[in-house]
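Notes for the one structure printed next.
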Amino acid sequence: MMFRSILGAAVASFVASTAFAGTLDDVKAKGYVDCGINTGLVGFAAPDADGEWSGFDVAICQAVAAAVFGDATKVKYKSLTGKTRFTALASGEVDLLSRNTTWTFSRDVDLGFEFVGVNYYDGQGFMVPKELEVGSAKDLGGATVCIQTGTTTELNLADYFRANGMEYEPVPIETNTEAQQKYLSGACDVYTTDASGLAATRASFESPGDHVVLPEIISKEPLGPLVRHGDNQWGDIARWTLNALVTAEELGVTAANADEMAANSTNPEIRRLLGAEGGLGAMLGVSDDFALNAIKVNGNYAEIFDANIGPETAIGLQRGLNALYKDGGILYSPPFR
Amino acid sequence: MATTSAPPSEPFRLSQLINDTRYRGATIQIVALILLMLTFAWLVDNTIQNLEALGKDFNFSFLWTSAGYDVNQRLIEYDSQSSHARAAMLGILNTLILAVVGCVTATVIGVFVGVLRLSNNWIVSRLMTVFIEVMRNVPVLIWILIVVAVVNESLPTPRSFKGEETGAFVLTNRGAYFPEPLFTNSLGDIDVGGLFLVSNDFLMFVAVLGLSIWGAGKMSEWATKRQNETGVRPQILLPQLALIVLPTAILLFSLGFYLGYAELKGFNFKGGTFVRDSFIGLWIALSLYTGAFIAENVRAGVQAVSRGQSEASAALGVTPGRTMSLVVLPQALRIIIPPLISQYLNLTKNTSLAIAVGYMDATGTLGGITLNQTGREMECLLLLMAFYLVVSLSVSGVLNWYNERVKLKER
């Protein structure tokens, strides 16, 4: 792992031909999108028995590929750890990073990335075994806490314990899998990461009922896909693909009815979104039906959410903040016009 | 008629640089040097250009900003408000302490196993062969993960000790707790440059013990002198012992010395000296792994000592054990030391695998969290390279100096 990040940094520094403008041309020339995803987090990005990746974050990669090529299979996935992901994106190893990454000031400004939106509003939480009988994060003074290193998590954690005047013993772990093993063997009392990640991790346990996620959410973690700074066209494609999925939910466009809607709908908003009029795709440098193609892959935002992490799945996350603005959430896409 | 045989003094021609054996060597070397320098210049230029293209500058001011993260094993004062530089220092100390204890144990293991492998006892020598082959033919990262997993999975959790009386030593799956020395009339600590807090009690203890040992040495010298003059060595064993033990005992007693045991409080044991699971795992795995290599060096060194030496020793009636320690090993050392240097360097560099089990060494702090939170890959990795380079060169320098001292002086 270390080797990979060092190699990544070396590549970042020494690869001469990394183009920072014209990502779309590069992607079209090679014929696929290089997409950075998690090393394995059930519901967000996990391989199935055949080695096919699927999940909430993977769906974004597929939607972007469909928007560019009209074909969702034209993606190459790269599993990245919390530590290697930024180097991989900066060096051009991946074109798009869709790996539950928190949008922060320094990542946006100092690291030189561009977050194209938020696909999941999250916050950091704590998971403890039930037998510890801990009801609140405020009771965690003196506990041993497993953290996934290379994330905003360890900074939030330090702030939270400091603000509450509690001591703790941090155990930094490289990947979710190793952290899980440490937590389950009792080498840590607490596992902390984004609440969605906790739910996903707990769902993969043998007996999820033995573990509880504490009520405190100690941070804001808007997770979203990101691209490199400086290539606005490519950033726009990713941004508006994501917006298209949200708008599709708003307008009731689903994977099943998208084709039919594009042909027969009289609603000008739907017609513009699906490329029947307005020529929005051409302005973006892709085909006019880019949003139609993106939606047809896994459906609109609601369908993607429900299929991967929604209440019906093992992970069982409620929409909460991630509902549309008209349903009490804060999901709100700018209009397609 | 006399002919002059002076060579015709031809003017120097450029083609001579290649065709003339007098110049050819130098020409090739200079060309190679220029090419090498051009390659470096290209690499540096490329790096600068790419950093510019990424909109990144090259500066180390991030080192003085607040780190914002916590580290578990702290040998110096540190909290999340301390600077990245201090976090790096912390990591460096963690690396060094692991490297030092690792090298010491690896050497002990190596010498024992290496000598035992040459044992005449068939079972012992075969066992050692199996140990060496198993240890050195599995990657060290795997050993580290195995040992830590065994510690985590097989030892009891701290909370399983609830309600139990725990003694001086507690073994949990988070690490081991040992008694810590405490003083009721403590003299307090002194702050060294804002980095370390050094206990005055400890300094006093070291000073008194050092003085006593120095005194005992003087006593031996005096006894030897008497022996040389009179032929009778005065009995000094008891006074010597008293000189070493008494002042220290008096000091400890007056400071109110006692041993503090770890006690279960809340989630974890509090008090005592705590050695973490990750440290134990790395220590055991690195020592055994490097020990196996050192054992082979030791075997090679011992076998290189002529058989005549041990035969002569046996003929004089020296026991096999003493033959090994007094005759063979001192001579074998000269052969063992040069390869030993590279084993020490390997161990030091292998400590960078520590992040795999969550031990915060220099690679974990400076090359891990700091790099990731600040996004300064070039700066962090250059610093990290410089650190490992300095450590490795120092280790190798010290051992080379030692090697110069013990190697066979040829006249």
Side-chain angles (χ1 to χ4, degrees), chain A residues 1-2 5-6 8-10 12-16 18 20 82-87 90-91 106-107 110-112 131-132 134 139-147 149-152 154-155 157-159 161-162 168-174 178-179 181-182 185-190 228-230, chain B residues 42-43 46-47 49-51 53-56 67-72 79-81 145 148-149 151-160 172-175 265-268 270 274 276-278 352-353 355-360 363-364 367-369 371-378 380-381 384:
Chain A
M1 279 155 276
M2 206 45 232
S5 77
I6 289 176
S13 327
F14 296 126
V15 168
T18 312
F20 294 99
K83 258 167 73 177
T84 54
R85 55 185 163 176
F86 297 123
T87 321
S91 65
S106 63
R107 286 172 178 176
D110 193 33
L111 296 192
E131 54 174 335
L132 279 186
V134 173
D139 303 335
L140 290 177
T144 302
V145 184
C146 272
I147 330 157
T149 185
T151 62
T152 45
E154 53 208 351
L155 305 185
L157 187 71
D159 286 351
F161 275 80
R162 194 178 139 79
Y168 69 108
E169 162 105 7
V171 180
I173 306 290
E174 189 90 350
E178 287 166 42
Q181 184 255 326
K182 276 249 176 196
S185 70
C188 312
D189 298 305
V190 192
R228 281 180 296 276
H229 241 328
Chain B
W42 176 77
L43 280 176
N46 215 332
T47 310
Q49 274 187 17
N50 276 296
L51 281 176
L54 280 167
K56 286 183 176 175
Y69 59 88
D70 286 302
V71 176
N72 45 23
D79 64 34
S80 60
Q81 300 309 103
L145 292 176
V148 173
V151 170
N152 283 167
E153 301 282 352
S154 64
L155 293 174
T157 58
R159 62 174 174 271
S160 65
T172 74
N173 68 343
R174 291 177 193 172
K265 279 188 189 145
F267 294 98
N268 280 309
K270 289 271 148 50
F274 181 34
R276 278 174 185 72
D277 55 346
S278 50
S352 63
L353 294 168
I355 188 61
V357 288
Y359 181 77
M360 295 310 273
T363 316
I369 306 182
L371 181 154
N372 197 56
Q373 299 296 357
T374 60
R376 303 254 169 214
E377 295 103 351
M378 279 302 283
C380 287
L381 287 177
L384 203 57

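Below, chain A is the first sequence line, B the second, and so on; all start at residue 1. The structure displayed is predicted, hence computed values, not measured ones.
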Contacting moiety of Asp277(B), where chain A heavy atoms sit under 4.5 Å: side chain
Closest non-hydrogen atom pair between Arg162(A) and Ser80(B), with its separation: CD-OG, 3.6 Å
Nearest-0.5 Å distance, CG of residue Asp159(A) to CD of residue Gln81(B): 7.0 Å
Heavy-atom contact with chain B under 4.5 Å, split by part of Val134(A): side chain
Trace of the side chain to side chain contact (heavy atoms under 4.5 Å, CB included) decision for Phe86(A) with Asn372(B): CA-CA 8 Å; Phe86(A) 297 123; Asn372(B) 197 56; 4.0 Å; yes
Side chain / backbone / both / neither for Ser278(B) at chain A, heavy atoms under 4.5 Å: neither
Region of Tyr168(A) in contact with chain B, defined by heavy-atom distances below 4.5 Å: side chain
Engaged part of Val357(B) at the chain A interface, taking heavy atoms whose separation is under 4.5 Å: backbone
Contacting moiety of Lys265(B), where chain A heavy atoms sit under 4.5 Å: neither
Interatomic spacing from CG in Asp110(A) to OG1 in Thr374(B) - rounded to 0.5 Å: 8.0 Å
Salt-bridge criterion met for Glu131(A) and Arg159(B) (N-O under 4.0 Å): yes
From NZ (Lys182(A)) to CD (Glu153(B)), nearest 0.5 Å: 10.0 Å
Residue from Val71(B), Ile369(B), Asp70(B) passing side chain to side chain contact (heavy atoms under 4.5 Å, CB included) with Glu154(A): Ile369(B)
Evaluation steps, side chain to side chain contact (heavy atoms under 4.5 Å, CB included), between Asn72(B) and Thr144(A): CA-CA 10 Å; Asn72(B) 45 23; Thr144(A) 302; over 6 Å; no
